[in-house]
Trainee: 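Following this message is one structure expressed as structure tokens.
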Amino acid sequence: MEKNSSIEERAVNLAHYIIDSKDTVRGAARKFGVSKSTVHKDVSERLLKINPILAHEVREILDENKAERHIRGGMATKLKYSHNDREAI
């Protein structure tokens with residue numbers, strides 16, 4: 001029974017972290033030492049049963065991150081190749 005309690009606590013802690021930091025699922029997973037799948041399950045499924053209002057707040061952040069994902073990917077690619085350009089000179 002105590003294991004369920006710690007899972008619920010982790011779900012709530014993940015939610016607060018994502019809301020406060022506006023971090024991505026990947027960043028939250030790295031910070032908490034769990035997989036991206038675990039973060040998704042905690043904040044999408046488990047949190048709905050524990051605290052639906054908090055789950056809705058996290059969902060807004062995750063949706064915003066998903067909408068911006070292609071921009072971050074493009075910036076990372078640009079940065080990667082800008083380093084290669086400097087090395088070629």
Side-chain angles (χ1 to χ4, degrees):
M1 194 63 141
E2 188 170 317
K3 186 163 181 90
N4 285 341
S5 176
S6 64
I7 291 172
E8 291 173 356
E9 286 176 28
R10 182 185 65 214
V12 171
N13 290 337
L14 278 164
H16 285 296
Y17 173 75
I18 291 171
I19 291 168
D20 293 342
S21 68
K22 301 212 185 300
D23 202 357
T24 61
V25 168
R26 186 177 296 232
R30 194 175 305 120
K31 172 88 173 160
F32 282 78
V34 295
S35 70
K36 294 184 309 182
S37 299
T38 299
V39 174
H40 271 295
K41 187 165 182 98
D42 281 356
V43 299
S44 298
E45 295 176 21
R46 292 182 176 123
L47 197 59
L48 270 175
K49 297 173 185 171
I50 300 166
N51 187 336
I53 295 169
L54 192 59
H56 178 71
E57 290 179 40
V58 172
R59 175 53 44 202
E60 288 179 0
I61 302 291
L62 296 181
D63 288 345
E64 183 179 321
N65 285 343
K66 187 174 182 182
E68 296 171 351
R69 180 172 56 192
H70 68 285
I71 296 168
R72 283 193 298 274
M75 291 186 327
T77 301
K78 181 180 178 182
L79 181 63
K80 174 184 175 183
Y81 287 105
S82 71
H83 288 297
N84 288 342
D85 290 344
R86 287 189 205 132
E87 291 174 4
I89 296 176

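Computed over heavy atoms, backbone and side chain alike; hydrogens, waters and symmetry mates excluded. Because the structure is a prediction, the values reported are computed rather than measured.
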Trainee: When rounded to the nearest 0.5 angstrom, what distance separates CD1 in I19 from CD in E60?
Mentor: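 It comes to 9.0 Å.
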Trainee: With sequence neighbours excluded, what pairs up with H40 under the side chain to side chain donor-acceptor pair (under 3.5 Å) test?
Mentor: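 Side chain to side chain donor-acceptor pair (under 3.5 Å) check on H40 returns nothing, list empty.
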Trainee: What residue pairs, at least two apart or across chains, pass ring-ring contact (aromatic ring centres under 6.0 Å, His included) with a residue in residues 42-68?
Mentor: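 Pairs touching residues 42-68 that pass the test: none.
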Trainee: Using the side chain to side chain donor-acceptor pair (under 3.5 Å) rule, collect all pairs that involve residues 26-35, keeping only residues at least two apart or in two chains.
Mentor: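 Qualifying pairs: S35-T38.
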Trainee: Which value, rounded to the nearest 0.5 Å, describes the distance between E8 atom CD and N51 atom CG?
Mentor: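 Reported to 0.5 Å precision, the distance equals 11.0 Å.
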Trainee: V43 and A15: which non-hydrogen atoms are nearest, and at how many Å?
Mentor: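 Answer, listing the atom of V43 first, then A15: CG1-N, 4.2 Å.
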Trainee: In chain order, what residues pass the side chain to side chain donor-acceptor pair (under 3.5 Å) check against S21, with sequence neighbours excluded?
Mentor: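 S21: no side chain to side chain donor-acceptor pair (under 3.5 Å) contacts found.
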Trainee: Between V12 and L54, is a side-chain contact (heavy atoms from CB on, under 4.5 Å) present by the stated rule, with each step listed?
Mentor: CA-CA 8 Å; V12 171; L54 192 59; 4.2 Å; yes
Trainee: What distance do D23 atom CG and I61 atom CD1 have between them, rounded to the nearest 0.5 Å?
Mentor: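 Rounded to the nearest 0.5 Å, the CG-CD1 separation comes out at 10.5 Å.
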Trainee: So, using salt bridge (Lys or Arg N to Asp or Glu O under 4.0 Å) as the criterion, who are the partners of E64 when residues are at least two apart?
Mentor: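 E64: no salt bridge (Lys or Arg N to Asp or Glu O under 4.0 Å) contacts found.
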Trainee: Can you sort out the partners of D63 under side chain to side chain donor-acceptor pair (under 3.5 Å), two or more places apart, ordered by chain and number?
Mentor: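 If we apply the side chain to side chain donor-acceptor pair (under 3.5 Å) test to D63, skipping adjacent residues, the hits are R59.
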Trainee: Of all residues at least two apart in sequence or in a different chain, which pass the salt bridge (Lys or Arg N to Asp or Glu O under 4.0 Å) check with K41?
Mentor: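 Checked K41 against salt bridge (Lys or Arg N to Asp or Glu O under 4.0 Å); matches are E45.
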Trainee: Do any pairs count as a ring-ring contact (aromatic ring centres under 6.0 Å, His included) and have a residue in residues 6-26, sequence neighbours left out, and if so which ones?
Mentor: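 Found Y17-F32.
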Trainee: Taking the side chain as C-beta and beyond, is there a heavy-atom pair between V39 and I18 under 4.5 Å?
Mentor: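 A side-chain contact exists here, since the closest heavy-atom pair is under 4.5 Å.
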Trainee: Residues two or more places apart in sequence or in another chain: which of them pass side-chain contact (heavy atoms from CB on, under 4.5 Å) with I71?
Mentor: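 Here the qualifying residues are M75.
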Trainee: Taking D42 for its side chain and I7 for its backbone only, find out whether a donor-acceptor pair lies under 3.5 Å.
Mentor: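 Looks like no, no N/O pair under 3.5 Å.
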Trainee: Just so I know, are the side chains of N65 and V25 near enough to count as touching, which here means a heavy-atom distance under 4.5 Å?
Mentor: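 No, too far: nothing below the 4.5 Å cut-off.
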Trainee: Return the CG to CD1 distance between L48 and I53, rounded to the nearest 0.5 Å.
Mentor: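 One gets 11.5 Å once the value is rounded to the nearest 0.5 Å.
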Trainee: With rounding to the nearest 0.5 angstrom, report the OG1 to CD distance, T24 to E68.
Mentor: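 Reported to 0.5 Å precision, the distance equals 11.0 Å.
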